[in-house]
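Scroll down for the structure; my scribbles are underneath it.
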Amino acid sequence: MLDLKLVRENPDYYKAKIESKLDDPRKIDQILEADVRRRELIGEVESLKATRNAVTADIAAKKKNKENADHLIAEMKTVSDKIKDLDSELSDVETRINDLLLYTPNAPHDSVPKGSSAADNVEVRRWETGTFAGTFKPLDHIELGKRLGILDFERGAKISGSGFPVYVGKGAALERALINFFLDTHTTNHGYKEVFPPFVVNEESMRGTGQLPKFAEDMYTITADGLYLIPTAEVPITNLHRNETFKAEDLTVRYCGYSACFRREAGSYGKETKGFLRVHQFNKVELVKFANPEGSYAELESMVNDVENILKALKVPYRILLLCTGDLSFNAAKCYDVEVWSPAENKYLEASSCSNFQDFQARRANIRFKPDANSKPEFVHTLNGSGLATSRLMVSLLENNQNADGSVTIPEVLRPYTRFSTIEPA
RNA sequence: GGAAAAGUGGCAGAGUGGUUGAAUGCGACGGUCUCGAAAACCGUUAUACCCGUCAGGGUAUCGGGGGUUCGAAUCCCCCCUUUUCCGCCA
């Protein structure tokens, strides 16, 4: 969430930023109105508390001297009642401010291009080596999956529902190979520490990273226990350090971790629902960084490079988009999407999203660092990116590596993991 | 799932319903001493919010939330976490 003090000092700046994100800038006015009332109430209630504390000390002294304090006690009784009323009004106002802040998006960084939709995103670069070069018409991943006997959407629908694909045989092995290749690459080449997080988290964690309260309907819940299935490993990994303070010299802290990801995708039926393009459960290796604010944008660039290294090694054609203000997610200050090429769909598919949240999540989750031993803690910047999600990458991988005879060639770097080099039609 | 115990400042650890933001010890920081260091000694040592240009003043915080009371770390209720024991279990 935004810093109330900064909002108070720069209301016009934040209004413009929120408007650029296609959100309602009047939220800022509502926050500031409530903030004025809040401070009035604090003034009143705290001066009453001050008198009560003083008189209470008198009462204590009188009691000690065995003097009568009945009239003071009676007086303080009414003061205490008044305090109780004001305190409850104050807590209502504070709840309101907090709710407004929780529903107010992060401000885009100044380097983010203005725009109102995905059409205004800026393509930063493109890497096309390995683009499908066959002379035949490429099959799509669903057809390939069926012919090769490696993906079973029908049985997934039977046992769980649509959007829960089953990987079979070499498909399952390939999936596992991708995950292991990603993790090995990030831990040994890119300096991330691996974690294997819980796939279910509590409500505070979901608030910490900003999924709650605004996106409650996007998540699977376990109501009996007040738990949520994670939509991304970002949630448990970022929350590892909730309510903690780093030493400055420990930053940047880099984690990578695999998790299954669960998304209800409520309201997105009909859009890209074919096969792997939009599913309720998928696999992803997530990258998370806790950075000193001074270096956080350099860390964002290097995170995108880490993702690109994976795609280059796999020889998957991709492009990098810098998202415009209007397409930027609620939490992000700046975000690059990494899209992989699907020859059958004849378009790019989002396979990774690398974002700098600045201190937006850190403030919610109270994740700080001490710049020096003697200085006050400040909020860190949090970043994360998919490194990568397997499902759409699998689409690109299968489609780009298909051969005229219907087989699919496994990229060189994956063969130590799969221990096979082709997948033949079943 | 059942039973018991415990949760106090960076850590350890006192604490009677009435100047207790909280003894004491350790640690950390500053200083004295020293050529320097150690030791010793002296001092400092939480956070958030509100008012104030500053100086400063005020309020809150003893796992969390309610309650009793003129007044709660201290009494009552609920919840959470940890530890131990029992049960179940991959």
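As a basis for the values below, the full set of heavy atoms in this structure was taken, side chains included, without hydrogen atoms, waters or symmetry mates. We name chains A, B, ... by the order of the sequence lines, and we start the count at 1 in each one.
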* Determine whether the side chains of A/Thr390 and A/Glu175 contain a donor N or O and an acceptor N or O closer than 3.5 Å. => yes
* **Residue-phosphate contact under 4.0 Å: A/Lys63 side-chain N/O, B/G71 OP1/OP2** => no
* To do: Have a look at A/Lys62 and say if it touches a base, only the backbone sugar-phosphate, or nothing, with a 4.0 Å heavy-atom cut-off.
  => nothing
* Asked: Can A/Glu19 and A/Lys15 be counted as an ion pair, charged N to O under 4.0 angstrom?
  -> no
* Asked: Between A/Asn401 and A/Thr409, do the side chains contain an N or O donor and an N or O acceptor separated by less than 3.5 Å?
  -> no
* Write down the partner of B/G7 under the Watson-Crick or G-U wobble criteria, each distance required to be under 3.5 Å. => B/C80
* Value in whole Å for how far the C1' atom of B/G58 lies from CG of A/Leu86 -> 16 Å
* Within residues 236-251 of chain A, find the residues that approach RNA chain B with a heavy atom at under 4.0 Å, and present them sorted by residue number. => none
* Asked: Just to confirm, is there a sub-4.0 Å distance from OP1 or OP2 of B/C49 to any side-chain nitrogen or oxygen of A/Arg39?
  -> no
* To do: With P as the reference atom in both, quote the distance from B/U47 to B/G10 in angstrom, rounded to an integer.
  => 9 Å
* Near-strand residues of residues 44-53 of chain A, defined as heavy-atom separation under 4.0 angstrom from RNA chain B -> A/Glu46, A/Lys49, A/Ala50, A/Arg52, A/Asn53
* To do: Quick one: which residue pairs count as a ring pair (Phe, Tyr, Trp, His ring centres under 6.0 Å) with a foot in residues 200-227 of chain A, not counting sequence neighbours?
  => A/Phe215-A/Phe330
* Structure fact -> residues 159-179 of chain A vs ring pair (Phe, Tyr, Trp, His ring centres under 6.0 Å), sequence neighbours excluded, gives A/Phe164-A/His280, A/Tyr167-A/Phe276
* Asked: Mind checking whether A/His241 and A/Phe369 have ring centres under 6.0 Å apart?
  -> no
* May I ask you to establish whether A/Lys170 and A/Phe420 are in a cation-pi arrangement, using a distance under 6.0 Å from NZ or CZ to the six-membered ring centre and at most 45° from the ring axis? => yes
* **Candidate pair A/Thr187 and A/Lys193, rule side chain to side chain contact (heavy atoms under 4.5 Å, CB included), full reasoning** => CA-CA 6 Å; A/Thr187 51; A/Lys193 178 186 267 188; over 6 Å; no
* **For A/Asp23, the option from A/Lys21, A/Lys27, A/Arg26 that meets salt bridge (Lys or Arg N to Asp or Glu O under 4.0 Å)** => A/Lys27
* Which residues in residues 91-101 of chain A have at least one heavy atom lying under 4.0 Å from any atom of RNA chain B? -> none
* Under 4.0 Å between any heavy atoms, over every strand shown, what does A/Arg37 touch: base, sugar-phosphate, or nothing? Just pick one. => nothing
Tabulated below should be each protein N or O lying under 3.5 Å from an N or O of nucleotides 61-69 of chain B; please produce it.
from	atom 1	to	atom 2	distance (Å)
B/U68	OP2	A/Lys84	NZ	3.3

* Structure fact -> Rounded to whole Å, the CD-P distance (A/Glu67 to B/G18) equals 19 Å
* **A/Tyr297 ring center near A/His109 ring center (under 6.0 Å)** => yes
* Asked: Say you pick atom C1' in B/A23 and the same atom in B/U74; how far apart are they, in whole Å?
  -> 15 Å
* To the nearest angstrom, how far is A/Ile42 atom CD1 from B/G52 atom C1'? -> 15 Å
* Asked: C1' atom, B/C76 versus B/U69: distance in rounded Å?
  -> 12 Å
* Whole-angstrom distance between B/U82 and B/A39, as gauged at atom C1' -> 39 Å
